[in-house]
Amino acid sequence: MIEETTVTCPACWETIELSLDLSAGTQTYTEDCSVCCNPMTVHLWVADDGEEYTVEVEAESD
Ligand SMILES: [Zn+2]
């Protein structure tokens, strides 16, 4: 199940759209901003029911 959401890029502060693969469960991965191309770390927590989720993004620390 793919969920579309919007987040604020930690590098350029633009609002960008992310596609979340909820079927993959809770995960942390790196995504490049579609506006400024800087990498950001995406933290995705998926609830046991596979429908509720929380997403946070932060600038990649390295
Ligand atoms: Zn950006």
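Read the numbers this way: they start at 1 and go in the same order the structure lists the ligands and their atoms.
- One finds the CG atom of L22 at 7.5 Å from the CD1 atom of I2 (value rounded to the nearest 0.5 Å).
- Note that OG of S23 is 9.0 Å distant from CE of M1, once rounded to the nearest 0.5 Å.
- Expressed to the nearest 0.5 Å, how far OG1 of T30 lies from CD of E60 amounts to 4.0 Å.
- Of the inter-residue distances, the one linking Y29 atom OH with L20 atom CG reads 5.0 Å to the nearest 0.5 angstrom.
- Using a distance-only test at 3.5 Å, with no hydrogens or angles considered, no donor-acceptor pair links the side chain of E51 to the main chain of D49.
- For the Zn ion (ligand 1), protein N, O or S atoms under 2.8 Å: 4 in total.
- For E58, the CD atom counts as densely surrounded, since its 6.0 Å shell holds more than 12 non-hydrogen atoms of other residues, nucleotides or ligands.
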